[in-house]
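In what follows, a single structure is set out as C-alpha cells and then discussed.
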Amino acid sequence: RMRTYGLSLQGGGVGILYLTIFAALRLYELIGAGTAFALLVGLTAFTGWLAVRQQAQILAMLGLVGGFLAPILTSTGSGNHVTLFSYYLVLNLAIFGIAWFRAWRQLNLIGFAFTYVIGWVWAAKYYRPEYVWSIVPFVAAHYLLYLAVTMLFARRRAPRLRDHVDGTLVFATPVITFAMLSGLLSDTEYGLAISAVAAAAIYLLSSVVLQRTAPPH
C-alpha cells in the first residue's frame with residue numbers, strides 16, 4: 001500500500017547486508033573469501049530479482065549504492081585489490097543481469113560512475129607497477145560488461161525512437177578504458193596498440209551481431 005516507503009526499506013536492508021558481508025570479510029575475518037563471494041553473488045541475484053519483479057528501479061539503485069559504498073565505509077587502507085575489484089565485478093554483473101530485462105539508464109550510469117571513479121581514486125593512492133597484470137583483466141572485464149549493457153539498452157529501447165542509445169556510456173566507456181590502459185601499459189612496447197586492435201575487432205563483431213539479430217521493422 002506504501003510502495004515508495006516499502007521499496008526504500010528493501011533497498012536499505014540490501015545495502016546493510018552488503019556492508020555486513022564485506023565487513024565480516026575485510027574487517028573482522030569472520031568468513032572466508034569463498035563464503036563471502038557466494039553470499040555476495042546470492043545477494044546481488046536476489047536484489048536484481050526483487051527489482052525486476054517489482055519493476056522498481058529505485059530498489060536496484062538503493063541496493064547497489066549500498067553495495068558500492070560498503071568497501072569505502074569498511075576500508076582500512078590495507079585491503080587486497082583483487083578482492084575489491086572482484087567484489088565490484090559481481091555488482092556490475094548484477095547490473096548486466098538487470099539490463100537483460102529492463103532498460104534502466106540511471107542504474108547503468110550509477111554503476112559505471114562508482115566503478116570508474118573508485119578505480120581512479122584507488123589507482124592514485126595505492127597503485128604500484130607490479131599490480132599491472134592483476135588489474136588489466138578487471139579493466140577489460142568492466143569494459144566488456146558496459147559495452148554489453150549499452151547494447152542491451154539499445155535493444156530494449158529499439159521500438160522507441162527517443163533516447164534509444166545511451167550516448168554517455170557508448171562514448172565514455174572506451175575513452176576512460178583507454179585512458180586507464182595508457183597508464184597501465186605505458187611500460188610495454190605494443191600493449192596499447194594490441195588493445196586498440198582488440199577493441200576494434202570487438203566493435204566490428206558487435207555491429208555484425210546487432211545487425212543480424214535486429215528485430216524486423
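Atom set for the values below is all heavy atoms of this structure, side chains included, hydrogens, waters and symmetry mates excluded.
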Any side-chain heavy atom of Thr47 sitting closer than 4.5 Å to one from Tyr18?
-> yes

Between CG on residue Leu30 and OG1 on residue Thr35, distance to nearest 0.5 Å = 11.0 Å

Check Tyr88 against Phe68 and note the closest heavy-atom contact, atom names and distance.
-> OH-O, 2.7 Å

Do the non-hydrogen side-chain atoms of Ile98 and Gln57 ever get within less than 4.5 Å of each other?
-> no

So how far is it from Thr188 OG1 to Tyr190 OH, rounded to the nearest 0.5 Å?
-> 10.5 Å

Report whether Val175 and Val170 are members of the same hydrophobic cluster (ILVMFWY, side-chain heavy atoms less than 4.5 Å apart, transitive linking).
-> no

Are more than 12 heavy atoms from other residues, nucleotides or ligands located less than 6.0 Å from atom CZ of Phe37?
-> no

Single hit among Ile58, Val65, Leu59 for side chain to side chain contact (heavy atoms under 4.5 Å, CB included) with Leu62 | Ile58

Answer yes if the ring centres of Phe112 and Tyr116 are under 6.0 angstrom apart, and no otherwise.
-> yes

What's the verdict on side-chain contact (heavy atoms from CB on, under 4.5 Å) for Arg155 and Leu210, showing C-alpha distance, side-chain angles and the deciding distance?
-> CA-CA 9 Å; Arg155 289 298 302 273; Leu210 285 174; 4.1 Å; yes

Establish whether Trp120 and Val82 are linked, either directly or via other cluster members, by ILVMFWY side-chain heavy-atom contacts under 4.5 Å.
-> yes

Between Ser206 and Leu147, what is the shortest heavy-atom contact and its length?
-> OG-CD2, 4.0 Å

Taking side chain as C-beta onward, heavy atoms only, is Ile135 less than 4.5 Å from Met180?
-> no

Straight-line distance of Leu17 CG to Phe22 CZ, nearest 0.5 Å = 15.0 Å

Going by heavy atoms in the side chains, are Leu152 and Phe96 under 4.5 Å from each other?
-> yes

Evaluate the side-chain proximity of Leu84 to Tyr126: yes if any heavy-atom separation is below 4.5 Å, no if none is.
-> no

pair Leu7-Gln10: side-chain heavy atoms closer than 4.5 Å = yes

Would you call Tyr127 and Val132 a side-chain contact if the rule is heavy atoms closer than 4.5 Å?
-> yes

Once the angle between the rings of Tyr143 and Tyr203 is folded into 0 to 90°, is it parallel (under 30°), tilted (30 to 60°) or perpendicular (over 60°)?
-> perpendicular

Just do the side-chain contact (heavy atoms from CB on, under 4.5 Å) check on Thr115 and Tyr146 with the steps written out, would you?
-> CA-CA 11 Å; Thr115 299; Tyr146 277 98; 4.2 Å; yes

Hey, quick one: are Phe85 and Ile72 part of the same hydrophobic cluster, counting side-chain heavy atoms closer than 4.5 Å, chains of contacts allowed?
-> yes

Okay, side chain of Thr44, backbone of Val41: is any donor-acceptor separation there less than 3.5 Å?
-> yes

Note: Leu181 and Val139 closest approach over all heavy atoms is CD2-CG1, 4.1 Å

More than 12 heavy atoms from other groups under 6.0 Å of CD on Glu130 = yes

Rounded to the nearest 0.5 Å, what's the gap from NE2 on His142 to CG on Leu93? Could you check?
-> 7.5 Å

CG on Leu40 to CG on Leu91, rounded to 0.5 Å | 7.5 Å

Closest approach of Asn92 and Leu145, non-hydrogen atoms and distance?
-> CB-CD1, 3.8 Å

Could you give the distance from CG (Leu144) to CD1 (Ile202), rounded to the nearest 0.5 Å?
-> 5.0 Å

Stepwise, does the side-chain contact (heavy atoms from CB on, under 4.5 Å) test hold for Thr168 with Leu109?
-> CA-CA 8 Å; Thr168 302; Leu109 291 175; 3.8 Å; yes

Could you tell me which non-hydrogen atom of Pro137 sits nearest to which non-hydrogen atom of Ser134, and how far apart they are?
-> CD-C, 3.9 Å

Taking the side chain as C-beta and beyond, is there a heavy-atom pair between Leu169 and Asn108 under 4.5 Å?
-> yes

Kindly say whether the aromatic ring centers of His81 and Tyr131 come within a distance under 6.0 Å.
-> yes

Same cluster or not: are Tyr87 and Val117 linked, directly or through other Ile, Leu, Val, Met, Phe, Trp or Tyr residues, by side-chain heavy atoms under 4.5 angstrom apart?
-> no

Of all the heavy-atom pairs spanning Ile31 and Leu25, show the shortest one and how long it is.
-> O-CD1, 3.7 Å

Any chain of hydrophobic side-chain contacts (each under 4.5 Å) joining Leu50 to Phe101?
-> no

Donor-acceptor pair, side chain of Arg102 and main chain of Gln55, under 3.5 angstrom = no

